[in-house]
Structure formats: C-alpha cells, structure tokens
Asker: 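Quick one: the structure is below, questions incoming.
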Number of protein chains: 2
Amino acid sequence: MTAFGFHAHDHAHCISTTLHRAEAYCAAHGLKFTPIRRRALEILLAEHRALGAYDLLAELAKDGLGTAPPVAYRALDFLTKAGFAHKIEGLNAYIACAHLGADHSPAFLICTECKSVAEAETQATQGRLGETARAVGFRINRTVIEALGVCPNCQDQPCA
Amino acid sequence: MTAFGFHAHDHAHCISTTLHRAEAYCAAHGLKFTPIRRRALEILLAEHRALGAYDLLAELAKDGLGTAPPVAYRALDFLTKAGFAHKIEGLNAYIACAHLGADHSPAFLICTECKSVAEAETQATQGRLGETARAVGFRINRTVIEALGVCPNCQDQPCA
DNA sequence: ACCTGAAGTGTTATGATATAACAAAAAGGA
DNA sequence: TCCTTTTTGTTATATCATAACACTTCAGGT
Ligand SMILES: [Zn+2]
Ligand SMILES: [Zn+2]
Ligand SMILES: [Zn+2]
Ligand SMILES: [Zn+2]
C-alpha cells in the first residue's frame, strides 16, 4: 500500500499510462472515451491535486469543449462511474484515480496546506469499520475514507 | 466499539444524557450554550439521522429562533467545534454526536435507504490509513470515515 | 441507404449548500 | 459605567449540483 502524490515521480509516464489504461478499459467495456471525457481526465491528471467541477469546466472551456456546468458534471459522472476519477467529499472536488484498473476502495491523504492528494488503496471492509459493520449487520456498498492533514513537503517548510 | 442508531434503545435517555453532557462541557470550558445552540442540538438529537443545514434552519424557524442561513450555520459551527455534532461529508448533512464527551475520531455507518446513521468510534491513526500516513510522513489532523450501505432494518424489508 | 433507438451534447434555468459583510444587541470584565 | 468581545439579525452573494428539453451523433437492424 503505497501513496503517490507527495513524492517526485515520472509524472509524464504517470499520465500516459493512466490514459492508455482508460482507453483500454473503455474499449473492453464498450464505453465511449469522447474528446470531452478524455480531455477532462487529462486535466485531472495534470497534477495530483483535487479540482472543483467549475475549475475543470474552466479548463475545458479554454479548449472550446463547453461552457455550461452540465458539461463538467457529465464528464465527472462518466469518469467516476468508470472508476477513472474519485470525488473527494471533504473538498467537494475531484481527482484522477491513481490506481486505474484495480478494483479498489480508495482512501485519501489530503494536505490542507498545498491541497495535494495521495490515493492509497484499502480494503475498508476489513479493519475496524468492517468489523463494526458486520457486528451490527450493516451491508457496506461504498466507503469514504479521507485524512486531512499536512504532507511531508509542507511539514518541512517552516512558514506555509 | 458499538454502533447505535440501528437498534431500539431508550432514546429519551439518550437525548437528556447528551444535553446534560453538553451543558457540563460548556460550563467547564467557558462556552455559551445559548438558546439557539441548545435548540439546534435538540433538533439534531431528535433522531439518529443526519439533517441538512436548511432542514435544521426550518426547525429553528418554527421556534422563532431565526430564518436566515447564517443562523443555522453558526449553530452548526459551534456544535461541530465543540464536538457536539459532526458533519457527514458524503451527505452534506449534520448529526449529533453519539459519544459526547469522549475525545474521538468518529466513523459513520450511513443507511442510504432510511438515512439513519450510526456513529462508531475509531482510532483512525491506527489501522491501515494510519500506517500509510506514517510510512509517507503525512501528519493527520482529522479523518472522514463514512460507510454508505444498508442497515439491518432495511435489509429485512423486502421492498424499500 | 434508410430507419430507429440509445447515447451524447448544447443550453437555459433552477435548486441546494455555504459564506461574506456589516450593523445591532447582549454579555462580561476593568 | 465604559469598553471589549461575542452573539445575533439581516442582506446579499458565492459555490456546488441537477432538471429539463431540444438537437446531434452513432451503431444496429432492415
Ligand atoms: Zn482510485
Ligand atoms: Zn502539502
Ligand atoms: Zn438514541
Ligand atoms: Zn435503513
């Protein structure tokens, strides 16, 4: 279980790999990876940070791909349902999936200083929450697991 | 680690205990448990369900305690900062704390059928999320842990 | 090629959640 | 009392999200 986002890595590779996986997934599942959807994913992938729907829309607008809110929300709906992006509930913002392809329950480490986000994989149905759920007979469909705090980079900087 | 909310219990006792604890906490910490704040907590305590800020406002309005949004949000701000209530990020809604007094990181089991919510206590800094955080040097300040699913009561009902 | 239905897009309008800003009132201590 | 801080009342606005409907595109069946 490793977390990206706070460490230097070959991000160009990170982006191209994810886009190729998304293409392959769509081909395999009969989904249409249209220009709007593809560009939306590219925009989310640009950084390991969460973007608001209207921020995404602004970027899409720069490329002439739409100006009204539904454009962004439809793209996000597609991306999240396909598992290509996740919503960060604590920020009302969206981020590209860092483990595209794996069927996973994501957990996030969110830096409140620099807004960067790392995605970790968890099996939420294991662990304490899962225990509790089983104990009371609760059936879990989806989990929201987010930790807000300060990333290693920001801890190193005396004044942030 | 037990979860209330899905099981029958003496809820009147549940309410009075929590209100008394809140009063004691305010007295001990020099906080003002004003009529608006007290009534807001009572409203949240009425059921083990999450309430939207505007739903809360509507209830407060019935008692002549305010009609404009800031009234509700200020009360919620006080209650959440004091630890008397929690925000359910996945619902943009608020719920009274079920373990008032204990210094805790809450986790929630949220029934998407009947909207009832059970609060479990966790030590989120233990478990996998905490492991990951420590491994990458991330300092956790607050956690959002929510499981969306179906409670035992709703599973028993064939058509919901 | 044509029809047809499903999916995607463009657009307007609106709903739902949350906060900024500032004046008035109340509370509390010197 | 007087002054400061906190709380409240109120207006306006910011931010996040969806409903609804017309139009286009595209794949499949004929
Ligand atoms: Zn993911
Ligand atoms: Zn950071
Ligand atoms: Zn109760
Ligand atoms: Zn239920």
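Letters A, B, ... are given to chains in the order of the sequence lines, protein chains preceding strands, and every chain is numbered from 1. As a basis for the values below, the full set of heavy atoms in this structure was taken, side chains included, without hydrogen atoms, waters or symmetry mates.
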Asker: Looking at B:E119 and B:P106, would you say the former's side chain and the latter's main chain have a donor-acceptor pair under 3.5 Å?
Answerer: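 Flag not set: sc B:E119 to bb B:P106 has no pair under 3.5 Å.
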Asker: Given a cutoff of under 4.5 Å between side-chain heavy atoms of I, L, V, M, F, W and Y, with clusters grown through shared members, what are the other residues clustered with A:V144?
Answerer: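 Reading the cluster by chain and number, A:V144 sits alongside B:V144.
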Asker: Provide, to the nearest angstrom, the distance between the CZ atom belonging to A:F33 and the P atom belonging to D:dC26.
Answerer: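 So the two atoms are 17 Å apart, to the nearest Å.
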Asker: Can you list the residues that meet the side chain to side chain contact (heavy atoms under 4.5 Å, CB included) rule with B:L76, with sequence neighbours excluded?
Answerer: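 If we apply the side chain to side chain contact (heavy atoms under 4.5 Å, CB included) test to B:L76, skipping adjacent residues, the hits are B:L44, B:A53, B:L56, B:Y94.
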Asker: Could you tell me whether the side chain of A:Y54 has a donor or acceptor atom within less than 3.5 Å of a complementary atom in the base of D:dA14?
Answerer: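 No, no donor-acceptor pair under 3.5 Å.
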Asker: Looking at B:E146 and B:E89, would you say the former's side chain and the latter's main chain have a donor-acceptor pair under 3.5 Å?
Answerer: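 Here the side-chain-to-backbone pair exists.
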Asker: Under 4.0 Å, heavy atom to any atom of DNA chain C: which of residues 78-95 of chain A qualify?
Answerer: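 Heavy-atom contacts with DNA chain C come from no residue of residues 78-95 of chain A; none.
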Asker: Grab the CD1-C1' distance between A:I36 and D:dC26 for me, whole Å please.
Answerer: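 Taking atom C1' of D:dC26 as the reference, CD1 of A:I36 is at 15 Å.
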Asker: Angle class for the B:H11/B:H9 ring planes (parallel below 30°, perpendicular above 60°, tilted otherwise)?
Answerer: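 Rings of B:H11 and B:H9: perpendicular, as their planes differ by over 60°.
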Asker: Measure CZ/B:R38 against P/D:dT8 and give the value in whole Å, please.
Answerer: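 These atoms are roughly 15 Å apart.
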Asker: Please list, by residue number, the residues of residues 56-72 of chain B whose heavy atoms come closer than 4.0 Å to an atom of DNA chain C; answer none if no residue qualifies.
Answerer: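 Heavy-atom contacts with DNA chain C come from B:P69, B:P70.
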Asker: Round to a whole Å and report the spacing from CG of A:L31 to P of D:dA27.
Answerer: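 Result: 14 Å.
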Asker: Using the side-chain hydrogen bond (donor to acceptor under 3.5 Å, both in side chains) criterion, which residues pair with B:D77? Sequence neighbours excluded.
Answerer: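 So B:D77 forms a side-chain hydrogen bond (donor to acceptor under 3.5 Å, both in side chains) with B:K81.
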Asker: Does the A:Q155 side chain pair with the main chain of A:V150, one donor and one acceptor, at a distance under 3.5 Å?
Answerer: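 Such a contact is found between A:Q155 side chain and A:V150 backbone.
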Asker: Looking at five pairs on each end of the helix from C:dA1-D:dT30 to C:dA30-D:dT1, what is the angle between the two axes, given to 10 degrees?
Answerer: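 Terminal axis comparison yields 30°.
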Asker: Using whole Å, what does the distance between atom P of nucleotide D:dC16 and atom CG of A:D77 come to?
Answerer: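 Interatomic distance, CG of A:D77 to P of D:dC16: 18 Å.
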Asker: Nearest whole Å is fine: how far is D:dT11 P from B:Y73 OH?
Answerer: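 Rounded to whole Å, this separation is 18 Å.
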Asker: What does nucleotides 22-30 of chain C look like as a protein-contact string, B for base, S for sugar-phosphate only, - for none, at under 4.0 angstrom between heavy atoms?
Answerer: ---------
Asker: If you look only at pairs with a residue in residues 91-102 of chain A, which of them pass as a salt bridge (Lys or Arg N to Asp or Glu O under 4.0 Å), with sequence neighbours excluded?
Answerer: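 As it turns out, there is no salt bridge (Lys or Arg N to Asp or Glu O under 4.0 Å) pair with a partner in residues 91-102 of chain A once direct neighbours are skipped.
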Asker: Residues in side chain to side chain contact (heavy atoms under 4.5 Å, CB included) with B:R49, at least two apart?
Answerer: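 Here the qualifying residues are B:E47, B:K115, B:S116.
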Asker: So, A:F84 versus A:Y25, ring centres under 6.0 angstrom or not?
Answerer: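 Between A:Y25 and A:F84, which both carry aromatic rings, the centre distance is below 6.0 Å.
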Asker: Please, which pairs that meet salt bridge (Lys or Arg N to Asp or Glu O under 4.0 Å) have at least one residue in residues 13-36 of chain A, sequence neighbours excluded?
Answerer: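 Matches after skipping sequence neighbours: A:E23-A:R38.
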Asker: Over how many whole Å does the gap from B:D55 atom CG to C:dT17 atom P extend?
Answerer: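 So the CG-P distance, B:D55 to C:dT17, works out to 7 Å.
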Asker: Who are the ring pair (Phe, Tyr, Trp, His ring centres under 6.0 Å) partners of B:H20, not counting sequence neighbours?
Answerer: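 Applying ring pair (Phe, Tyr, Trp, His ring centres under 6.0 Å) to B:H20 gives none.
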Asker: Report the distance from atom CG of B:L76 to atom P of D:dT8, rounded to the nearest whole Å.
Answerer: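 To the nearest whole Å, that distance equals 13 Å.
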Asker: Report the relative orientation of the aromatic rings in A:F138 and B:F6; use parallel for angles under 30°, tilted for 30 to 60°, perpendicular for over 60°.
Answerer: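 Answer is parallel, since the angle falls under 30°.
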Asker: Sequence neighbours excluded, which residues qualify as side-chain hydrogen bond (donor to acceptor under 3.5 Å, both in side chains) partners of A:R39?
Answerer: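 Partners of A:R39 under the side-chain hydrogen bond (donor to acceptor under 3.5 Å, both in side chains) test: A:E42, A:D63.
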